[in-house]
There are 2 protein chains.
Amino acid sequence: MSENVGRWLRDEIENAILSYEFAPGERLDETVLANRFGVSRTPVREALMQLDAIGLIEIRPRRGAIVIDPGPHRIYEMFEVMAELEGLAGSLAARRLDKASREAITATHGRCEQSAGAGDSDAYYYDNEEFHKAIYAASRSDFLQEQCVQLHRRLRPYRRLQLRVRNRLSTSFSEHCAIVDAIFAGDGDEARRLLRTHVGIQGERFSDLVASMATR
Amino acid sequence: MSENVGRWLRDEIENAILSYEFAPGERLDETVLANRFGVSRTPVREALMQLDAIGLIEIRPRRGAIVIDPGPHRIYEMFEVMAELEGLAGSLAARRLDKASREAITATHGRCEQSAGAGDSDAYYYDNEEFHKAIYAASRSDFLQEQCVQLHRRLRPYRRLQLRVRNRLSTSFSEHCAIVDAIFAGDGDEARRLLRTHVGIQGERFSDLVASMATR
DNA sequence: ATTGTCATTCTTGTATACACAAACATTGAC
DNA sequence: GTCAATGTTTGTGTATACAAGAATGACAAT
């Protein structure tokens, strides 16, 4: 319970939104939330204001807060930006790689290999996240790292959908291998290119998924 | 006075921070702010929470809010990310250019030409901003556009410093020309490359500036 | 039957009050 | 003279009360 109730609530509500417990478009009633969490309205409002600032909900003056529904197109756009940022992170990582970062990447990459080999998509989902975070950290750019982590977080629910797709798991891992090679070889441009497509593909896969669901 | 006091205060305080009225490191006292703006502490707190979420200030539990001092290195990192995002925007703009965007770019580019020719760095500062925003819009990616505008806003104070540097004004404009050519020619890769260096240079200039001030 | 207006009710927006924690200063002891 | 402990003060964190605006439903008029 992170020091003050406002922050705790922010994280709590954020998780609820990202896990679809609060559905997109749903109205968030301050009083209801306050009762549910056993606090007064004040910290609830503080949490909501923060989520509004982050862009997860929208507060319309005098009309309450609703969960933002990004919509397939906007999610694709977010993947597009994510791909670009990850590409930059990879490029910087390749140029600035030091021992600690190299070991972190090797370790997380190894864990991905295990879970991919075992076909455990839940484990891979988690290990994959750590692998990408290791690359962000290796970029040695605090700001970039923060931006990447934040976007990654917002895209998390949509990533998860795709790992169940046939062969995606092993394809993803082989892409990781090429990325690691490029970074360790100090080839920034190649790392950038590989990461950009690696992440960009997820946006396209997501579009395909939505398209196939729409025609169904 | 934007509908509700909280938002108004958020914008008001944000501007005060970005214009250095509230200096980096300065402590923001809720009661003082409330008196200054003639409101109670509640909307002040809401504004502060939002600014914290955006990353402009830091609220340490039970110890109040302080204005974040990004520091030269972090500002450089921010320019680095900005360069990447603008590069993407330019690349998309080149591919997706339509009539309206083309006209918007031409118009803002023309205004830059005038103010650059007149040597009016204040006017150029404003026109330059509009020019870049026209490119964001031309990318046809709402999310990217929002991200760019937000980062642009945060970097605004540091951009301003540099336009006074000798020859920067005319150099900047000639870079604009090349960028416009690439976008209008539909050459996404070239537009990306040019924009990346155009913006990246600003980060480097900023570093130079800080270095020269430090040795002084 | 449909539409428009008014009133009621519900929810948000703001203010104020109170509680509690942290920083600071003052005093006393070693 | 210095350090520690305690009291005071200041300012944040939470709750609650009150005001104002929006949604909803009912009733009347066309």
Side-chain angles (χ1 to χ4, degrees), chain A residues 1-18 20-71, chain B residues 1-18 20-70 150:
Chain A
M1 193 139 155
S2 155
E3 279 300 340
N4 73 15
V5 182
R7 308 239 172 145
W8 171 65
L9 275 177
R10 171 169 63 86
D11 295 341
E12 208 69 19
I13 299 174
E14 182 174 353
N15 286 333
I17 291 174
L18 290 180
Y20 286 114
E21 190 180 341
F22 296 145
E26 184 175 337
R27 173 123 172 269
L28 298 177
D29 188 303
E30 296 178 355
T31 314
V32 171
L33 288 172
N35 289 334
R36 166 171 174 164
F37 291 105
V39 295
S40 84
R41 272 181 53 221
T42 308
V44 171
R45 303 200 85 236
E46 290 180 345
L48 291 181
M49 310 241 61
Q50 291 183 69
L51 293 174
D52 177 75
I54 294 174
L56 267 178
I57 66 174
E58 185 186 349
I59 299 180
R60 293 164 306 174
R62 301 227 161 254
R63 299 182 59 192
I66 57 168
V67 179
I68 290 222
D69 179 8
Chain B
M1 194 139 155
S2 156
E3 278 302 339
N4 71 18
V5 181
R7 309 239 171 146
W8 171 64
L9 275 177
R10 171 170 63 85
D11 295 342
E12 208 69 19
I13 299 174
E14 181 174 355
N15 285 332
I17 291 174
L18 290 180
Y20 286 114
E21 190 180 339
F22 296 144
E26 183 175 338
R27 173 125 171 268
L28 298 178
D29 187 304
E30 297 179 354
T31 314
V32 172
L33 288 172
N35 289 335
R36 166 168 175 167
F37 292 106
V39 295
S40 85
R41 271 181 54 221
T42 308
V44 171
R45 303 199 85 236
E46 290 180 346
L48 292 180
M49 309 243 62
Q50 292 182 71
L51 292 174
D52 177 75
I54 295 174
L56 267 176
I57 66 173
E58 186 185 348
I59 299 181
R60 292 163 307 176
R62 299 234 158 250
R63 299 184 59 194
I66 57 167
V67 179
I68 289 220
D69 180 7
Q150 199 178 327

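Within every chain, numbering begins at 1; the chains are lettered A, B, ... in the order of the sequence lines, protein sequences first and strands thereafter.
- Comparing D:dT14, C:dT12, D:dT12 by their closest approach to the side chain of B:Glu30 singles out D:dT12.
- The distance between atom CD of A:Glu46 and atom P of D:dT14, rounded to the nearest whole Å, is 7 Å.
- Minimum heavy-atom separation, A:Ala47 to A:Gly6: CB-O, 3.8 Å.
- Atom CD1 of B:Ile59 and atom P of D:dT14 are 12 Å apart (whole Å).
- Rounding to whole angstrom units, CG of residue A:Leu33 and C1' of C:dT12 are separated by 13 Å.
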The test is side chain to side chain contact (heavy atoms under 4.5 Å, CB included); show your working for B:Leu9 and B:Phe37 and say whether it passes.
CA-CA 8 Å; B:Leu9 275 177; B:Phe37 292 106; 3.5 Å; yes

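- You won't find any donor-acceptor pair under 3.5 Å spanning the side chain of A:Arg7 and the base of D:dG13, going by distance alone.
- For B:Val39, the side-chain atoms get nearest to C:dA15 when compared with the rest of D:dA20, C:dA15, D:dT12.
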Candidate pair A:Arg36 and A:Glu21, rule salt bridge (Lys or Arg N to Asp or Glu O under 4.0 Å), full reasoning:
CA-CA 14 Å; A:Arg36 166 171 174 164; A:Glu21 190 180 341; 2.7 Å; yes

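- Residue-level contact check: B:Arg63 touches the backbone only, with heavy atoms under 4.0 Å from sugar-phosphate atoms and none from bases.
- Remark: the B:Arg27 side chain and the D:dG11 base include no donor-acceptor N/O pair separated by less than 3.5 Å.
- With rounding to whole Å, A:Arg45 atom CZ is found 14 Å from D:dA15 atom P.
- Atom pair B:Asn4:CG and D:dA19:C1' shows a separation of 15 Å (rounding to whole Å applied).
- The interatomic distance linking B:Phe37 (CZ) with C:dA15 (P) rounds to 14 Å, in whole Å.
- For the pair B:Arg62 CZ and C:dC24 C1', the computed distance is 17 Å after rounding to whole Å.
- A:Leu56 pairs in a side-chain contact (heavy atoms from CB on, under 4.5 Å) with only one of the listed residues (A:Ile13, A:Ile68, A:Val67, A:Leu18), which is A:Leu18.
- Without hydrogens or angle criteria, A:Glu46 side chain to A:Pro43 main chain gives no donor-acceptor distance under 3.5 Å.
- Residue order along DNA chain D, read from the 5' end via each residue's closest nucleotide, puts B:Ala65 first among B:Ala65 and A:Thr42.
- Comparing C:dT16, D:dT14, C:dG13 by their nearest atom to the side chain of B:Ser40 picks out C:dT16.
- Regarding A:Arg41, its CZ atom lies at a distance of 15 Å from the P atom of C:dC10, rounded to whole Å.
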